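Worksheet: the structure to be examined is printed underneath.
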Protein chains: 2
Amino acid sequence: MTLSLAKTPPASEDELLARAGSVAGRSVGELAMKAQVRIPKQMRRAKGLAGQLLEQFLGADAGSKAEPDFRGLGIELKTLPVHEGRPKESTFVSTIELDRLGDTDFEDSVVWHKLRRVLWMPIEADPSVELPHRRFGAAILWSPDDDQRRTLQDDYERVAELVLRGRIDEITGHLGDALQVRPKAAHGGVRERAPEGIGGGYQWTGPRGFYLRPGFTAGILERAFR
Amino acid sequence: MTLSLAKTPPASEDELLARAGSVAGRSVGELAMKAQVRIPKQMRRAKGLAGQLLEQFLGADAGSKAEPDFRGLGIELKTLPVHEGRPKESTFVSTIELDRLGDTDFEDSVVWHKLRRVLWMPIEADPSVELPHRRFGAAILWSPDDDQRRTLQDDYERVAELVLRGRIDEITGHLGDALQVRPKAAHGGVRERAPEGIGGGYQWTGPRGFYLRPGFTAGILERAFR
DNA sequence: CAGGATCCACTATTGGATCCCG
DNA sequence: CGGGATCCAATAGTGGATCCTG
């Protein structure tokens, strides 16, 4: 299949996989050229750009929504930076709505909606290769198995309980076997509201997001290619 | 039981455990005083001294032999530095006789003879506490369970094969889940003979020893106190 | 700001080097 | 030296901070 910008969302998983197949083996530079987008050579100046380019070629239609990228298929798109066979970074899943987290069951959570079905697009992450020359790999269409699902839910529920009790300051990146909580903001000064725990008060704290640890995504890679 | 220097080897496991009980809770300084031994305040100047003191109080009789410390009982004595509930260091098991390793089955190895039954004496390893004030903990009389035994044997056999093939330079501290190989010498300049692999020749290389990784001894601690 | 992510300072771990005693 | 071990520089890994786009 020829590499081209998607004009419409994919109508089926097969169509999505066909589009993903047309991207596999291509470099970020090739996609940027076709999309008429300028890309910096240094990753530092282009965090997230490869993922946004991919959206255009695969036909993601959710925009900046708390919904899966492919709404019709219920599939989320994630790039996965891989170096020497292992994920180089954690994977951002979603921001945390601190004010609502305590009232939301895992089944109804943004985390679960984003992770129940994911199209992983591996991308080379060798620091010695400049961004335009980094290539995409073969797509992996994944859903959590029972174990993975249980791990995710346990991690989620532990965090939800702490937020509900107002013990935000006990939430650090150390929590969670697979799903971890880390700051998520343009810079450290940003503040947002969170439950205060006792009574209906609130407190101000930094915005946070859910991330998948590299060890967890490594397991996904291994199963896919083993 | 009163703390006192042992005049004879322990006649039974119970006697050994009774002596160990008399040491539990005592400080290195107390033992040194009774043994009329001078000890430096800094651990750096006294590596191994706590273990040697213990031998005197428990009645170890093997001296500097490749045999268990308590010959009659077939029990090896090991101190285990513990800080915040975890072993702070790896545990030295034995030197490696490179010239003989390839011909020796695990069952007949020094490693197995030393590890098939061990009296672990935990000792405080808080860096902020000077050596004389560090205290011994409650003894753990341990034998490997089937899993542990299998892990040790697998690690041993992998090393033995590399030595036999003369691929000494492929042996690094990275090998081994539980049992690891590391340099063991007064300084880096020491050299000894090892098989060269092809034919009956030999090569010169640094002396090495077997060590247990902290993760393995952590498991022993956890089972004993859980 | 929310969504796409990676950066990089710091911490934890590792494992090669070293220290004391008899 | 062999047996008793720990030291500590270097590396791997973690997780708080940050960067770009629309």
Side-chain angles (χ1 to χ4, degrees), chain A residues 37 39-40 42-55 60 62-67 69 77-81 86 88-95 97 114 123 125 127 131 172-176 180-190 192 206-209 211 213-215, chain B residues 37 39-40 42-55 60 62-67 69 77-81 86 88-95 97 114 123 125 127 131 172-176 180-190 192 206-209 211 213-215:
Chain A
V37 166
I39 46 165
Q42 301 171 48
M43 201 46 147
R44 179 148 80 94
R45 297 280 159 208
K47 302 179 184 183
L49 215 118
Q52 287 159 357
L53 266 175
L54 261 185
E55 291 177 350
S64 282
K65 307 266 172 48
E67 294 180 42
D69 293 292
L77 174 64
K78 289 286 170 209
T79 60
L80 188 61
R86 303 204 30 111
K88 228 196 119 194
E89 296 288 348
S90 53
T91 301
F92 173 66
V93 177
S94 74
T95 48
E97 297 175 271
K114 291 219 168 192
I123 179 171
L131 178 57
T172 75
H174 298 281
L175 281 177
Q180 122 193 97
V181 173
R182 305 233 303 272
K184 176 69 171 79
H187 56 91
V190 181
E192 68 173 20
R208 289 169 167 80
Y211 293 78
R213 292 183 182 279
Chain B
V37 166
I39 46 166
Q42 301 170 48
M43 202 43 148
R44 178 146 81 95
R45 297 281 159 207
K47 301 180 184 181
L49 218 119
Q52 287 159 357
L53 267 174
L54 261 185
E55 291 178 349
S64 282
K65 307 265 172 48
E67 294 179 41
D69 294 292
L77 173 65
K78 289 285 170 209
T79 60
L80 188 62
R86 303 203 31 110
K88 229 196 119 194
E89 296 287 349
S90 53
T91 301
F92 173 67
V93 177
S94 74
T95 48
E97 297 174 271
K114 291 219 169 192
I123 179 170
L131 178 58
T172 75
H174 298 281
L175 280 178
Q180 138 194 80
V181 173
R182 306 234 301 274
K184 176 69 171 80
H187 56 92
V190 181
E192 67 174 19
R208 288 168 168 80
Y211 292 78
R213 291 184 181 280

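Here is how names work: the chains are called A, B, and so on, in the same order as the sequence lines, proteins then strands, and each is numbered from 1. No experiment lies behind these values; they were computed from the predicted model shown.
- Here the C1' atom of nucleotide D:dG2 and the CZ atom of B:Arg208 are 17 Å apart, to the nearest Å.
- Rounded to an integer number of Å, the gap from CD1 of B:Ile39 to C1' of D:dG4 is 15 Å.
- Between the side chain of B:Arg213 and the backbone N or O of B:Tyr211, no donor-acceptor pair lies under 3.5 Å.
- Although no hydrogens or angles enter the test, the distance criterion places no donor-acceptor pair under 3.5 Å between the side chain of B:Glu192 and the main chain of B:Gly206.
- B:Asp69 contributes no side-chain N or O that, together with a main-chain N or O of B:Ala60, makes up a donor-acceptor pair within less than 3.5 Å.
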query = Tell me, for nucleotides 4-15 of chain C in 5' to 3' order, what letter each nucleotide earns: B for a base near a protein heavy atom under 4.0 Å, S for only sugar-phosphate near one, - for neither?
reply = BBBBB------B

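- A:Arg182 and A:Ser90 share a side-chain donor-acceptor pair at under 3.5 Å.
- For the salt bridge (Lys or Arg N to Asp or Glu O under 4.0 Å) test, residues two or more places apart in sequence or in another chain that qualify with A:Lys114 are A:Glu76.
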